[in-house]
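Report on the structure given below.
From a predicted model like this one, the values you see are computed outputs, not experimental measurements.
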Amino acid sequence: MTVSRRGFLTAASVGVGAAVATTVRGPVAGANPFDTGSLGGVAQDLMQSISTGSGMVEPNGPLGYVGVTFPSPEDIAGRIRFAFPDGSVGDWKPLELLDSAPDSGSTPASELVAAPEGAVGYEVDAPEGSQATVFDDGRGTTRNYSLGSVGMLGLPVIPRAIWGAGEVAGYRWSPTFHAPQAITIHHTASPVGSDGAASVRAIYNYHANTLGWGDVGYHLLIDPAGRIYQGRGGTPAGNPIFQAPPVGGVAPPIVTGGHVGGYNNGNIGISLLGDFTSAPPTPAAVGATIDCVRALCSATGIDPRGGILYRNPQGGATRQMHAVSGHRDWGGTACPGNAFYPQMQFIRDHAANGWMPRAVSSAALGS
């Protein structure tokens with residue numbers, strides 16, 4: 001069974017900062033991971049095999065066994081892997097359905113999984129709403145780890161409260177909302193460490209405090225492991241980017257960010273953590289970008305391969321643009337980096353693979 005929505009199972013006592021980078025099934029050896037010709041059939045695997053699981057959880061105590069409960073009998077699917085003290089990570093193993101139950105029924109669950117000898121952490125990739133329970137080496141102690149992400153358009157997005165956005169004194173950026181018209185891709189142009197949440201906090205504090213904006217300028221940020229973070233706030237809790245959940249025939253307005261000067265209204269900003277001047281982003285980060293663009297285009301009616309006449313509803317500035325573009329297409333910058341910018345068409349093409357527009361942007365209706 002294919003499960004499209006998965007959740008980050010994180011330990012509150014550990015936090016996002018303890019997560020170990022997840023990986024994707026890599027391209028053919030020696031192939032350019034962005035060259036669709038050399039990838040052949042692996043291109044689809046690259047897009048679909050992004051790990052949207054828990055991030056590695058390191059329990060506060062012995063790791064003996066892990067059991068996973070599922071939100072419903074229709075959502076019984078998942079896999080697990082373990083980490084070791086030397087930093088290595090084992091292969092993904094499927095979670096087996098627990099087929100024992102009392103006559104009165106039971107919570108849908110996996111068989112109990114024994115941790116390999118020496119394992120210090122685990123990661124579960126399972127449907128959103130699942131819960132992992134860790135048991136020690138037989139003394140009976142249990143610890144529960146539950147959902148730590150919000151679902152947006154089938155994407156697991158790490159919300160602001162989880163990555164640690166703080167309140168800014170004298171908040172200066174009251175949210176405004178406009179119809180979605182475009183998506184712009186950026187890089188942060190700075191090295192990123194293993195702790196993606198720490199990088200997001202640094203960018204947030206720079207934008208919000210040092211520059212005095214009151215918030216981060218990007219709508220979404222993506223780390224090298226392919227984890228997606230909510231950026232700009234001002235939207236209802238649990239609902240990144242949009243003024244209301246995007247359901248029905250017309251896409252709701254989006255909160256205005258601060259990522260393309262003069263052209264922010266109606267423009268969704270996605271920024272990859274890292275400097276891609278000389279080297280491209282990881283396949284995991286590119287895959288997550290494709291997933292974000294595809295989902296956002298489906299929800300807004302934006303054609304990922306299309307062109308638009310962007311019109312700023314405040315001031316009336318217009319630009320003929322790709323609907324999905326790199327920051328430099330708007331002018332005045334090298335963003336998203338010389339090693340990444342050539343892949344914009346790759347992202348458009350692969351986002352269009354499976355693109356199913358479910359709504360029409362109110363911008364297309366002239367509002």
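Closest approach of Thr235 and Pro240 over heavy atoms only: OG1-CA, 3.9 Å. Here the closest heavy-atom approach between residue Leu97 and residue Ala109 is recorded as CD1-O, 3.5 Å. Across Cys297 and Ile302, no two heavy atoms sit closer than the pair CB-O, 3.1 Å. Taking each heavy atom of Gln181 and Leu309 in turn, the nearest pair found is OE1-O, 4.1 Å. For Leu153 against Pro246, the heavy-atom pair with the smallest separation is CD2-CG, 3.3 Å. In terms of heavy atoms, Gly262 sits closest to Asn312 at O-ND2, 2.9 Å.
From Leu95, atom CG reaches atom CG of Asp125 across 9.0 Å, with rounding to the nearest 0.5 Å. Once rounded to the nearest 0.5 Å, the distance linking CH2 of Trp213 with CZ of Arg232 reads 11.0 Å. In this structure, the separation between SG on Cys292 and CD1 on Ile183 is 9.0 Å, given to the nearest 0.5 Å. Taken from CD1 in Ile185 to SG in Cys335, the straight-line distance is 10.0 Å, to the nearest 0.5 Å. Atom-to-atom distance recorded for Asn264:CG and Gln314:CD is 10.0 Å, nearest 0.5 angstrom. If you take CD1 on Ile270 and CG on Leu221, they are separated by 10.0 Å, rounding to the nearest 0.5 Å.
Linking Ile, Leu, Val, Met, Phe, Trp and Tyr residues whenever their side-chain heavy atoms come within less than 4.5 Å leaves Trp355 and Ile290 in two separate clusters.
Contacts classified as ring-ring contact (aromatic ring centres under 6.0 Å, His included) and involving residues 282-306 (residues at least two apart or in different chains) are not found.
Counting heavy atoms from C-beta outward, Val120 and Phe82 have side chains that stay 4.5 Å or more apart. Taking the side chain as every heavy atom from C-beta outward, Phe242 and Thr300 approach each other to under 4.5 Å. Taking the side chain as every heavy atom from C-beta outward, Ile222 and Leu273 never approach each other to under 4.5 Å. Side chains of Thr277 and His187 form a contact here, defined as non-hydrogen atoms less than 4.5 Å apart. Side-chain atoms of Asp195 and Arg201, non-hydrogen and from C-beta on, do get closer than 4.5 Å to each other. Between Thr188 and Leu272, every side-chain heavy-atom pair lies at or beyond the 4.5 Å cut-off. Looking at heavy atoms from C-beta onward, Asp215 lies in side-chain contact with Arg160 at the 4.5 angstrom threshold. Looking only at side-chain heavy atoms (C-beta outward), Tyr229 and Pro159 stay at 4.5 Å or farther from each other.
Although no hydrogens or angles enter the test, the distance criterion places a donor-acceptor pair under 3.5 Å between the side chain of Arg294 and the main chain of Asn353. Side-chain N or O atoms of Thr282 include one that pairs as donor or acceptor with a backbone N or O of Pro224 at under 3.5 Å. Trp163 places a side-chain N or O within 3.5 Å of a backbone atom of Gln230 that can act as its donor or acceptor partner. A donor-acceptor pair is defined here as one N or O able to donate and one able to accept, closer than 3.5 Å; no such pair exists between the side chain of His219 and the backbone of Ile268.
A salt bridge is defined here as a Lys NZ or Arg NE, NH1 or NH2 lying under 4.0 Å from an Asp or Glu carboxylate O, and Asp91 with Arg79 fails to meet this definition.
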Enumerate donor-acceptor pairs with a distance under 3.5 Å from any side-chain N or O in residues 112-119 to protein atoms, sequence neighbours excluded.
none

Using residues 248-259 as the side-chain source, report each donor-acceptor pair under 3.5 Å to any protein atom, sequence neighbours left out, with the distance given to one decimal.
unit_1	atom_1	unit_2	atom_2	d
Thr256	OG1	Thr176	O	3.4
Thr256	OG1	Thr176	OG1	3.2
Thr256	OG1	Asn265	OD1	2.9
His259	ND1	His186	NE2	2.9
His259	NE2	Asn267	O	2.8
His259	NE2	Gly269	N	3.3

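Other residues sharing a hydrophobic cluster with Tyr263 under the 4.5 Å side-chain heavy-atom criterion for ILVMFWY residues are Val260, Ile308, Tyr310, Met321, Trp330.
Taking the six-membered ring where the residue is Trp, the centroids of Tyr341 and His327 are separated by 6.0 Å or more.
Classified by interplanar angle (parallel below 30°, tilted 30° to 60°, perpendicular above 60°), the ring pair Phe340/Phe276 is perpendicular.
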Would you please test Tyr122 and Val124 for side chain to side chain contact (heavy atoms under 4.5 Å, CB included) and show each step? CA-CA 7 Å; Tyr122 73 93; Val124 170; 3.7 Å; yes

Going through the checks in order, is the side chain to side chain contact (heavy atoms under 4.5 Å, CB included) test met by Tyr206 and Val216? CA-CA 8 Å; Tyr206 183 56; Val216 64; over 6 Å; no

Do Val89 and Phe84 pass the side chain to side chain contact (heavy atoms under 4.5 Å, CB included) test, and can you show the C-alpha distance, the side-chain angles, and the key distance before you say yes or no? CA-CA 6 Å; Val89 179; Phe84 300 88; over 6 Å; no

For Arg81 and Lys93, run side chain to side chain contact (heavy atoms under 4.5 Å, CB included): C-alpha distance rounded to whole Å, both residues' side-chain angles, the deciding distance at 0.1 Å, then the answer. CA-CA 6 Å; Arg81 63 180 179 177; Lys93 303 292 185 184; over 6 Å; no

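Every residue two or more places apart in sequence or in another chain was checked for a ring-ring contact (aromatic ring centres under 6.0 Å, His included) with Phe177, and none qualifies. For Asn338, the side-chain hydrogen bond (donor to acceptor under 3.5 Å, both in side chains) test picks out Arg328, with sequence neighbours left out.
Checking Asn209 against Tyr204 by side-chain atom types alone, no donor-acceptor pair falls below 3.5 Å.
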